[in-house]
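Working notes for the structure below.
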Amino acid sequence: MKVYLTELFRNTSEKLEYLKGMTPILNVPNNPEHGDFSTNLAMLLTKQLKRNPREIAKEIIEALDVDPNVISKVEIAGPGFINFYFNPVFVTGIVNDIIKEKSNYGRSEKYKGKKAIVEFVSANPTGPLTVGHGRNAVFGDTVANMLEWIGYSVDREYYFNNAGRQMRVLGNSVRLRYMEILGEKIEFPEDHYQGDYIKDIAKKLVDDYGNALIDEPAEGKFKDTAEREIFKDIENTLSRIKINFKNYFNENSLYETGKISELLETFKEKDLSYEKDNATWLKLTELGNEQDKVIVKSTGEPTYRLPDIAYHRTKFERGYDLIVDIFGSDHNATYPDVLAGLKSLGYDVSKIKVLIHQFVTILDKGEVVKMSTRKANFITLDELIDEVGPDVVRYFFNMRSIASHLNFDLELAKTQSDENPVFYLQYAHARISSILKMTKENDLECSTDNLNLLTTLEEQNLLKKLYQFSGEMLYDSENFESHSIASYLEELAALFHRFYTQCRIIGTEKKLAEARIALCIAVQIVIKNGLTVLGLEAPERM
RNA sequence: GCACCCGUAGCUCAACUGGAUAGAGCGUUUGACUACGGAUCAAAAGGUUGAGGGUUCGAAUCCUUCCGGGUGUACCA
């Protein structure tokens with residue numbers, strides 16, 4: 001529908017000089033009395049033309065070459081909106097398209113041939129994933145799905161650091177628990193990892209090696225085993241919510257392959273860095289930033305900026321057209337330095353999209369639960385999945401805009417999991433499966449020969465909603481707004497349930513019944529495609 | 001102090017990116033099948049969009065000043 005209108009306006013711009021180069025903004029009005037599509041074009045032109053908007057609207061409408069088989073009515077409303085009403089018979093045509101394309105319906109090839117990388121989760125292996133990581137994980141994976149849906153070839157990447165202080169502390173935490181199990185008296189420092197999973201890893205080491213590791217340093221077997229076990233755990237958790245990474249990128253490899261020293265060298269050559277107080281500084285003030293930042297400390301150790309810049313440099317070197325980073329809001333101060341560094345090297349940083357999501361606040365009985373991996377008072381993502389199931393977890397994190405803080409009430413999640421909107425969507429899908437089974441038993445087939453019989457309000461509303469799917473998916477994907485897909489599907493499901501209570505299939509005239517079956521199938525396909533992008537199951541029965 | 005995000009119905013959140021009467025779910029109240037799945041549908045109540053000022057045909061949305069919450073603000077990652 002929208003495509004038709006855009007085309008219509010383009011053709012009209014020949015007649016009206018002032019329409020040249022204008023692409024009208026076409027909206028679906030909130031109020032159905034305002035038509036199926038609406039544009040504010042005339043109002044935007046008032047200033048330029050210094051004329052009454054309604055007068056301009058009138059002139060535009062007269063110039064439009066409208067096909068009555070497509071559009072049944074065009075009118076001027078309010079201060080100067082132009083409203084379009086589509087011909088009900090034309091609207092039914094969407095069912096054909098959907099049934100023809102099935103699981104490909106709504107895809108776009110706009111970005112075909114382009115390569116994208118989405119980096120997300122990227123939690124260091126110091127403990128199990130928490131509910132907080134869940135939002136990052138689910139959102140990142142959904143973004144990747146959306147990009148694939150509009151044509152990108154997408155790599156999912158997990159960046160981690162298994163060196164540094166955190167990991168030494170982790171190794172030592174395991175070592176101490178190991179000694180403890182062997183009967184040594186130990187002091188367990190407060191800043192060490194308190195979680196029970198540390199004890200489990202220590203126990204495994206006792207089982208496998210007995211007391212042979214007593215003289216082993218914390219950073220040897222202890223750290224290595226902890227890292228391996230924790231990663232196994234993380235991968236396992238992620239796969240439960242259908243997340244699988246193509247790459248795990250180890251920060252350490254940047255040192256091993258010489259990327260770090262290479263980068264330092266480049267900064268030096270290009271005169272982008274300097275030495276001061278024994279440290280190496282990056283000249284960011286020259287790029288308009290507030291202050292220069294240290295990239296190598298006086299101790300000779302790099303700060304996080306250097307490997308981060310080197311890492312992102314590899315993304316450019318690997319030839320990605322779109323580079324997406326999913327971070328929690330605690331990173332909001334760090335990435336600008338990294339971008340500035342890359343920009344100074346001449347990379348096109350507009351290819352990088354940094355998506356910052358706000359934190360998840362966990363509420364238990366109305367109280368905010370402060371979580372920390374070290375203190376082990378967190379709720380793991382695994383526990384949450386156990387409690388409510390993978391689909392509810394995925395849906396919950398996709399329901400909200402990432403810009404807003406998310407309150408997660410544990411009690412509510414547990415007790416009301418049956419009321420979660422995800423079931424509403426899945427129920428619509430399952431219900432259609434059931435209807436199709438039942439109609440088959442009544443010797444009714446799907447037929448698209450008489451779609452023009454679909455004229456009731458409920459049918460027309462449903463059809464128009466189906467028309468919006470492709471555009472919705474493209475827009476949401478380009479703008480990384482997975483929550484809008486969720487809203488769209490909820491609205492579609494609601495329109496379907498309404499249709500279903502008003503319009504019977506079995507017992508009505510055969511031609512109409514078979515057209516309605518076609519409509520049901522179309523709705524089912526669209527729901528399934530939407531659920532698939534969100535990473536959810538589309539069940540045949542519940 | 002400074003930077004970024006947020007403040008919308010009792011609660012959790014939307015709002016087509018500046019559009020027409022600000023919408024959903026939960027909760028509350030009231031209805032609907034001898035029915036293809038009641039995990040459904042229909043209806044009611046619920047709002048000074050944190051507050052003030054500005055920009056314009058038009059503001060929850062943009063600008064500005066406050067108020068409140070979150071996250072940062074290192075030669076930690």
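In what follows, chains are A, B, ... by sequence order, proteins preceding strands, each numbered from 1.
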Problem set entry | Residue E33(A), side-chain heavy atoms: nucleotide from A14(B), U21(B), C16(B) that is nearest | U21(B)
Problem set entry | Side-chain N or O of Y424(A) closer than 4.0 Å to phosphate OP1/OP2 of C41(B) | yes
Exercise. Angle class for the Y4(A)/F86(A) ring planes (parallel below 30°, perpendicular above 60°, tilted otherwise)?
Worked result: perpendicular
Problem set entry | Pair assignment for U49(B), Watson-Crick or G-U wobble, requiring both distances under 3.5 Å | none
For this session: Compare side-chain N and O positions of H497(A) against OP1 and OP2 of G37(B) and report whether any pair is under 4.0 Å apart.
Result: no
Exercise. From C75(B), C36(B), A14(B), pick the nucleotide closest to the side chain of S298(A)?
Worked result: C75(B)
Problem set entry | Pair assignment for A3(B), Watson-Crick or G-U wobble, requiring both distances under 3.5 Å | U71(B)
Exercise. H357(A) vs F359(A) aromatic rings, parallel, tilted or perpendicular, using cut-offs 30° and 60°?
Worked result: perpendicular
Problem set entry | Earlier contact from the 5' end, RNA chain B, for N27(A) and Q291(A) | N27(A)
Problem set entry | Stacking of H34(A) on A20(B) base (centres under 5.5 Å, planes under 30°) | yes
Problem set entry | Sorted by number, the residues of residues 513-525 of chain A with heavy-atom contact under 4.0 Å to RNA chain B | none
Problem set entry | Under-4.0 Å side-chain N/O to phosphate OP1/OP2 contact, N30(A) with A20(B) | yes
Problem set entry | Partner nucleotide of A59(B) by Watson-Crick or wobble geometry (both distances under 3.5 Å) | none
Exercise. Paired with C76(B): which nucleotide, if any, by Watson-Crick or G-U wobble criteria at under 3.5 Å for both distances?
Worked result: none
Problem set entry | R541(A) atom CZ, neighbour heavy-atom count above 12 within 6.0 Å | no
Problem set entry | Distance, P atom - from U34(B) to G27(B), rounded to whole angstrom | 26 Å
Problem set entry | Basic-acidic side-chain contact under 4.0 Å: E441(A), K437(A) | no
Seminar exercise, completed: By the Watson-Crick or G-U definition, both distances under 3.5 Å, A42(B) is matched with U30(B)
Problem set entry | Pair partner, U8(B) [Watson-Crick or wobble, under 3.5 Å] | none
For this session: Assign R165(A) to base, sugar-phosphate, or nothing according to its heavy-atom contacts below 4.0 angstrom with the strands shown.
Result: nothing
Exercise. Any idea how Y311(A) and Y159(A) line up, ring-wise: parallel (<30°), tilted (30 to 60°), or perpendicular (>60°)?
Worked result: parallel
Exercise. For D443(A) and K510(A), which heavy atoms make the closest approach, and how far apart are they?
Worked result: O-CE, 4.2 Å
For this session: Please state whether the base of G72(B) and the side chain of H331(A) form at least one donor-acceptor pair under 3.5 Å?
Result: no
Exercise. For the side chain of I505(A), counting heavy atoms from C-beta on, which of C36(B), C75(B), A14(B) is nearest?
Worked result: C36(B)
For this session: Could you verify whether a donor N or O on one side chain and an acceptor N or O on the other, from R394(A) and T142(A), lie under 3.5 Å apart?
Result: yes
Exercise. Once the angle between the rings of F9(A) and F84(A) is folded into 0 to 90°, is it parallel (under 30°), tilted (30 to 60°) or perpendicular (over 60°)?
Worked result: perpendicular
Problem set entry | Whole-Å C1' distance, A22(B) and U61(B) | 11 Å
